[in-house]
Amino acid sequence: MGTLVWFRSDLRVEDNPALHAASQRSPGRVTGLFIATPRQWERHDWGEPKRDFVRRSVAALADELAGRGITLRVEVCPTFAQVPETLVEIARQTDSRAVYFNRELEWNERQRDAAVVRKLDRMEIESAAFDDQTLIPPGEIETSTGKPYSVFTPFFRNWSRRLEDSGLDLPLPAPEAGDAVEVPPMENWPDSRDWPAHRLWPAGPHEATRRLESFLDDAARRYHEDRDLPHRAATSTLSPYLAVGAISARSVLWQAVRANGGELIQGQPGITLWLRQLAWRDFYRHVLVGFPRVSKYRAFREETETIEWNDDPEALEAWKSGRTGFPIVDASMRCLAETGWLHNRLRMIAASFLTKDLLLDWRQGEEHFMRSLVDADLANNNGGWQWAASTGTDAVPYFRVFNPWTQSKRFDPKAQFIRRFVPELDELPNGAHHDPKHLATDRPATYPAPLVDHQAARRRAIAAFRDR
DNA sequence: AGGCAATTTGG
DNA sequence: CAAATTGCC
C-alpha cells in the first residue's frame, strides 16, 4: 500500500524524517503532496518574497523527487480549513493508506494538523508525525521546575549539553534513485509572476548546501569578528533555506560541528558562535510552543500590553520606505525592500528605532518584516521583534535603547552599507552619515531631515515603558 | 545583543 | 586629562 508524504516547511529529500520513513514503509509507492493555502498565507502576512521563494522551492523539490520516482502533487486550498478534506481526497486518488508529515510548531498549523489527524482516523487512514523543526523537540528540555525556558542562557546550557551527551544523529539519506517520473507543471499555483529580486535567492537544496559549505570554508572562521559588520559578507545567508526546510537544521549542525573538529561549544571561535545562532532558532521555536500567546499578537511580558504606542501612519510609512532621516535605518529598510533580506544587526537597529524612537507598536514592524522578508518565519521574526521591543522572553531591558547614530558609527564606520542603499548620501565625507549636526547643515535636498530627535525620543520611550 | 554621564583611575 | 569603571535609566 502507498504512503502519502505531505510536505510543508521541509521542502527537501535529504534528511527528511517523514519522507525517509515513508520510503521504508512503501518502497516505490510514495507520493508527495504540497498544499498551497493562499488566503491562509495572506492572514499570516506572507509577502511576495516568501511566496515566490516557496513556489520555487516546491518546484525544486518536485524535480528532486521526480528523479527518485516520486511524483509531487501540488494542490490549492484557500485556508487550512479545507486541508483535511483535500488530504483525504488525494490519499484516495493515490491509493495511499497512510499520510506522513513532519510537525510544524505554529499555533494554526498545529490546530490544522490535529484536525487532519482526526479526519484521517475517521477515514481509517494511518498517519504519522515526525519531529523536524528543531534540533531538540519542544517539551524535551525544560527548566528545573518543569516549565519551558524563557531565558536563553540556561536554555543554551541545557540544549548544548543534551546534544553533546546524545551524540549527533547522522542525517537521514534521501530515498534511492528510481525510475524518473515526469514533473507535472504547477499550473494551479496562486501567483505566477516572479518577485523582482528572485535571482538573489536561487531556490533548492543545492544552493542551500553551496551556501553552507562556502560559509564554513571561509567566512565562518571570521564570524566572531565580522558578524556585526553588514557590509562584509560575514554571515551564511542560509535563513531562507532553513525557513522553507530546503536544508535541515540537523544537516547544518552536522556539517558545522564537523568543520569545528567535532566540537559544539569549543573549538574555533567563529564556528562556535555561529552554532549558538542555531540554538537561538531552537529557543524561539520552543518559546512559540511553550507560550502560544506570542504568536497571537500578544506580548510575552504581559505587563507591556498596556504601553501606549503612538498611532502615526506617516511615521510608519517613512520607516517602511526608508525615509526617516536616519541613514543607517533608511539604508536598512531600503535593503529589505530591494533584496528581501536584512543583516541581523540591522534588523535590531531598525526594530529598536521603530519601537523606541518612534514608539510605534512592535506588531506593525513584525508585520512589515513578515511581508518583506524572503526568510519570513514566525518564530524567529516574532522572537526578534519582541526582543527588540522589550516585550519578549529574555528581551533587552526597556531602558536599553539603541542610539542609531552610535550603532551606525560602530558597525558601518565608513558608510559602505549606507552608501550602497542610500545613493543620495554617496558624496558625503566619512563620518557625516553618523552625525546629525553634519547632516543638518550639509544634507542633499532630496534626503529628509531626521523624523525625531534621538535624545528626546529615548526619554519618551523610557517614560512610556516605565509609566505603562 | 546599550547608552549616558558622573566618578575613579592612571599616566 | 583621557580612559576605564560605575550607577542608573
Side-chain angles (χ1 to χ4, degrees), chain A residues 149-157 159-160 222-232 234-236 239 265 269-287 294 299-301 303-304 307-308 326 328-329 332 342-359 362 365-366 369 375 377 379-413 417 434-437 450 452-468:
Chain A
Y149 283 98
S150 55
V151 181
F152 177 74
T153 304
F155 172 87
F156 178 70
R157 266 197 290 274
W159 180 89
S160 48
R222 298 182 303 276
Y223 179 77
H224 58 303
E225 292 168 347
D226 286 1
R227 65 176 191 146
D228 273 322
L229 303 172
H231 63 279
R232 300 210 182 149
T235 64
S236 70
S239 51
I265 53 168
I271 299 184
T272 303
L273 194 58
W274 189 70
L275 281 166
R276 203 177 157 89
Q277 311 310 308
L278 279 182
W280 275 102
R281 181 177 180 278
D282 265 27
F283 175 63
Y284 281 141
R285 279 167 159 65
H286 283 229
V287 168
V294 301
F300 173 79
R301 295 169 64 94
E303 71 275 17
T304 64
I307 290 169
E308 290 190 35
F326 287 73
I328 192 69
V329 175
S332 300
L342 196 57
H343 187 287
N344 194 51
R345 167 59 52 183
L346 301 174
R347 296 188 199 203
M348 294 192 285
I349 295 172
S352 178
F353 186 80
L354 185 83
T355 57
K356 306 287 172 70
D357 284 86
L358 300 181
L359 201 60
W362 57 272
E366 182 195 9
F369 270 32
D375 64 25
D377 172 88
N380 287 339
N381 191 51
N382 182 276
W385 272 96
Q386 294 219 42
W387 180 87
S390 306
T391 66
T393 48
D394 207 12
V396 60
Y398 72 86
F399 46 79
R400 265 197 216 166
V401 177
F402 280 26
N403 181 328
W405 304 112
T406 308
Q407 292 279 315
S408 178
K409 197 179 302 179
R410 276 173 64 192
F411 300 120
D412 191 23
F417 177 80
H434 325 300
D435 180 359
K437 287 199 192 70
V452 293
D453 171 71
H454 173 69
Q455 271 66 35
R458 176 179 186 271
R459 285 192 293 273
R460 177 180 68 167
I462 289 173
F465 274 80
R466 191 192 54 217
D467 303 338
R468 61 188 152 66

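Each chain gets a letter, A, B and so on, in the order its sequence line appears, and its residues count up from 1.
- Within residues 345-353 of chain A, no residue approaches DNA chain C, by heavy-atom distance under 4.0 Å.
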Between protein and nucleotides 3-5 of chain B, what N or O pairs are separated by less than 3.5 Å?
residue : atom : partner : partner atom : Å
B:dG3   : OP1  : A:N403  : N            : 3.3
B:dG3   : OP1  : A:Q407  : NE2          : 3.2
B:dG3   : OP2  : A:R410  : NH1          : 3.1
B:dC4   : OP1  : A:N403  : ND2          : 2.9
B:dC4   : OP1  : A:Q455  : NE2          : 3.2
B:dC4   : OP2  : A:N403  : ND2          : 3.4

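- Put simply, the side chain of A:D394 gets close to the backbone of A:F152: a donor and an acceptor are under 3.5 Å apart.
- Note on A:D228: nothing from the nucleic acid sits closer than 4.0 angstrom, heavy atoms only.
- Residue contacts shown for A:R276 are absent, as no nucleic acid heavy atom lies under 4.0 Å away.
- One N or O on the side chain of A:N382 and one on the backbone of A:V294 form a donor-acceptor pair closer than 3.5 Å.
- Within 6.0 Å of CD in A:E308 there are 12 or fewer heavy atoms belonging to other residues, nucleotides or ligands.
- Side-chain N/O atoms of A:N381 and A:E366 include no donor and acceptor closer than 3.5 Å.
- Computed from coordinates, the A:F411 CZ to B:dG2 C1' distance equals 10 Å when rounded to whole Å.
- When atom types are taken as modelled, the side chain of A:H434 and the backbone of A:P413 share a donor-acceptor pair closer than 3.5 angstrom.
- Taking a 6.0 Å sphere around CZ of A:R301, one finds it holds 12 or fewer heavy atoms contributed by other residues, nucleotides or ligands.
- Although no hydrogens or angles enter the test, the distance criterion places no donor-acceptor pair under 3.5 Å between the side chain of A:R347 and the main chain of A:S332.
- Note: CZ (A:R227) to C1' (B:dA1) measures 7 Å, nearest angstrom.
- No option in A:R410, A:H343, A:R345 other than A:R345 meets the side-chain hydrogen bond (donor to acceptor under 3.5 Å, both in side chains) test with A:D228.
- The stretch residues 384-396 of chain A has no heavy atom under 4.0 angstrom from DNA chain C at all.
- Counting only distance, with no hydrogens or angles, the side chain of A:T272 and the backbone of A:I265 share no donor-acceptor pair below 3.5 Å.
- One atom, CZ of A:R459, and another, C1' of C:dC8, lie 15 Å apart when rounded to the nearest Å.
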Query - From CA spacing to verdict: ring-ring contact (aromatic ring centres under 6.0 Å, His included), A:F326, A:W405 - result: CA-CA 8 Å; A:F326 287 73; A:W405 304 112; 4.7 Å; yes
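- Side chain of A:Q407 to backbone of A:F402: no donor-acceptor contact under 3.5 angstrom is found.
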